[in-house]
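Okay, so here's the structure we're looking at.
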Amino acid sequence: MFLIIVFCQLSIAHCTLPIDCFLSLSPMSSTVRVRFAPSPTGGLHLGGVRTVLYNYLFAKQHGGDFIVRIEDTDQNRYAAGAEEYIFDCLKWAGLEPDESPYHGGEFGPYRQSERKAIYRRYAEQLVNDGHAYYAFDSTEDLEKMRLDHKTEQNPAPQYDNSIRMKMRNSLTLDADEVKILLDAGTNHVIRIRIPEHETLSFTDMIRGEVSFDTAVVDDKVLLKADGMPTYHLAVVVDDYLMKISHAFRGEEWLPSAPVHILLWKYLFGLENMPQWAHFPLILGPNGKLSKRDGAKYRFPVFAMNWTDPKTGELTEGFKEKGFLPGAFINLLALLGWNDGTDQEIFTKEELIEKFSIEKVHSGGAKFDYEKAKWFNHEYIKMTDPEALLEIYKDLLPSYFNNKDDAYKTAVFSLVKDRCHDITDLAEQSSFFFNTPETWDLSAVMPKWNEEKKNFFVDWANKLMELVGWDAQILEQSFKELATEKNIKPGELQLPLRIMLVGGKFGPPVFSIADLLGTKETIARINNALPIF
Ligand code: GLU
């Protein structure tokens with residue numbers, strides 16, 4: 001008998017909800033389910049990928065699921081191609097979700113624009129329960145309100161508890177009038193009714209207890225005039241319906257927390273609220289790292305190249321700069337976290353094992369591009385030349401195509417330890433594909449003389465008859481002839497490098513000659529000698 005009464009009460013309390021919602025009112029499962037919820041408005045910023053990474057690591061560590069939900073309810077900010085681009089970035093970084101619009105899953109649809117019908121029911125439930133209201137104010141009404149209430153202390157008045165009773169809404173109009181307006185399809189929004197003085201708190205997994213006074217919170221719009229939810233309503237409803245256990249997001253969302261706490265309280269019960277963590281900002285040279293910093297200081301801030309569909313402006317990505325996915329996620333992991341030791345290089349598996357949300361710092365994490373390049377350098381060194389060739393295939397300058405893969409791989413194995421990114425790789429290897437056209441003579445001239453010139457004429461002739469061709473044989477023949485001519489071999493090696501490379505850089509000079517081969521080595525010496 002008692003059970004029946006309880007059941008009836010539950011049914012009455014939620015009577016505005018359809019049957020599918022009853023089903024999802026079952027207790028939250030204990031499985032870890034985390035989500036990344038991007039709005040497809042442009043390129044994927046470092047901070048966004050770090051949010052993905054921390055979510056991903058946490059999910060994998062706990063044998064849970066990582067969900068990507070597309071928050072595309074703001075049609076004005078929508079950028080064509082941005083959604084596909086986000087998934088391309090995640091694929092490149094090796095952070096593929098378990099559920100998403102592209103990966104499927106039993107909690108779909110995973111695009112908020114396809115869930116429009118769901119949100120209105122919840123917004124209306126809030127109105128019926130007295131926690132929200134219809135607001136019919138026009139743009140002019142709102143503009144007038146801002147002008148009328150603007151003071152020196154309050155330059156941007158908000159639609160809040162001090163204002164709401166002076167506006168056109170279902171709290172100030174009588175019920176019949178509201179019904180007439182709604183029946184006539186009058187433009188309206190639904191706003192949350194923020195309680196006047198309530199202290200709201202939650203325990204952030206990084207920051208500990210965080211409290212807010214609702215006095216400073218405005219009556220945020222929950223449902224817009226076009227019927228689309230705002231972020232505030234959609235994020236709470238979807239985190240609930242998708243059974244999200246932990247919601248991790250950037251610290252810029254912290255001020256929205258009181259609105260979300262109230263929505264959880266009113267709609268689903270605070271006991272069902274996911275555990276939250278707000279990640280620190282990523283700082284650039286002047287405060288929060290921005291796209292402008294990237295353009296100004298010439299470093300990437302997006303995961304992959306992004307071209308703005310409206311302006312055609314290209315913003316560079318880490319991928320196209322030649323960052324290896326492993327290096328990229330390693331450097332991102334350490335932007336705001338470390339395991340308490342000096343270890344800096346972590347494989348993805350190690351990160352999954354060692355990462356902990358509680359050890360993420362609450363203060364901003366400074367991005368240093370030189371350090372980022374250091375990580376990439378370490379990963380390039382650890383990667384086989386064959387694998388590098390595969391990764392860089394599409395990024396290499398066109399002159400690479402003049403040679404076959406075996407040659408390119410041999411070049412990579414010689415130069416990779418000197419490279420931090422694709423620019424280094426192109427610079428360090430271009431002379432293997434192109435005969436130098438300029439020579440750094442300043443490096444040679446002060447100690448240059450006829451004897452040395454003759455040495456090279458003779459050595460070039462000797463090379464034609466050399467039996468066998470490798471770095472060791474070349475070095476031996478070079479040193480023998482130098483000794484014969486009474487010249488220190490050390491004084492001849494730099495000129496040889498300048499003849500073969502054009503400048504004072506590159507791997508060991510006899511390895512270069514070895515790879516260039518007999519014909520090309522001799523041709524380069526003969527080509528340079530008249531200028532020397
Ligand atoms: N759509 C929000 C964003 O673009 C998601 C924030 C959240 O994770 O709750 O950042």
Side-chain angles (χ1 to χ4, degrees), residues 32-59 64-79 82-87 89-90 95 97 99-101 107 109-116 119 202 204-207 210 212 220-222 224 228-264 267-268 272-282 288-291 301-303 306 332 336 357 360:
V32 164
R33 290 178 55 81
V34 295
R35 86 295 189 279
F36 174 56
S39 301
T41 55
L44 187 57
H45 185 276
L46 270 189
V49 199
R50 190 193 55 182
T51 301
V52 174
L53 176 65
Y54 287 0
N55 271 289
Y56 178 95
L57 295 176
F58 185 83
D65 292 321
F66 168 50
I67 293 114
V68 173
R69 179 174 72 223
I70 296 293
E71 302 209 328
D72 57 349
T73 58
D74 190 348
Q75 306 290 317
N76 299 328
R77 294 181 60 227
Y78 179 80
E83 185 186 298
E84 295 77 358
Y85 163 90
I86 289 167
F87 285 96
C89 291
L90 300 195
L95 303 172
E99 296 168 29
S100 85
F107 295 87
Y110 293 92
R111 240 181 237 112
Q112 287 184 333
S113 58
E114 292 166 16
R115 304 170 63 80
K116 190 173 165 184
Y119 308 110
F202 76 96
D204 187 288
M205 290 174 78
I206 299 170
R207 288 150 211 273
V210 185
F212 306 85
K220 293 262 184 278
V221 172
L222 300 177
K224 295 182 281 185
M228 280 289 196
T230 57
Y231 162 65
H232 304 295
L233 178 64
V235 74
V236 171
V237 168
D238 286 346
D239 280 355
Y240 175 74
L241 293 179
M242 295 184 179
K243 292 195 167 22
I244 299 303
S245 61
H246 298 77
F248 305 144
R249 56 189 180 186
E251 111 181 3
E252 63 276 23
W253 298 108
L254 205 46
S256 302
V259 180
H260 300 176
I261 296 173
L262 286 171
L263 290 174
W264 274 101
L267 288 170
F268 308 119
N272 288 324
M273 196 172 103
Q275 272 188 274
W276 283 347
H278 291 82
F279 299 142
L281 291 179
I282 297 186
K288 189 180 172 200
L289 179 70
S290 71
K291 209 173 82 173
V301 289
F302 286 166
W306 165 253
L332 276 182
I357 291 287
V360 172

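Note that this is a predicted model, so its numbers are computed, not measured. Each ligand, and each atom within it, is numbered from 1 in the order the structure gives.
Take Pro255 and apply the side-chain contact (heavy atoms from CB on, under 4.5 Å) test, not counting sequence neighbours, and it matches no residue. Residues meeting the side-chain hydrogen bond (donor to acceptor under 3.5 Å, both in side chains) test with Arg69, sequence neighbours left out: Glu71, Asp239. With sequence neighbours excluded, the residues satisfying ring-ring contact (aromatic ring centres under 6.0 Å, His included) with Tyr54 are Phe279, Phe355.
Listed by chain and number, residues touching ligand 1 at under 4.0 Å (heavy atoms only) are Arg35, Ala37, Ser39, Glu71, Tyr231, Val235, Arg249, Trp253.
There is no side-chain donor-acceptor pair under 3.5 Å between Tyr110 and Asp238.
We find that Arg33 and Glu99 are joined by a salt bridge, their nearest charged nitrogen and carboxylate oxygen being less than 4.0 Å apart.
Ile357 is not listed as a side-chain neighbour of Gln275, based on a closest heavy-atom distance of 4.5 Å or more.
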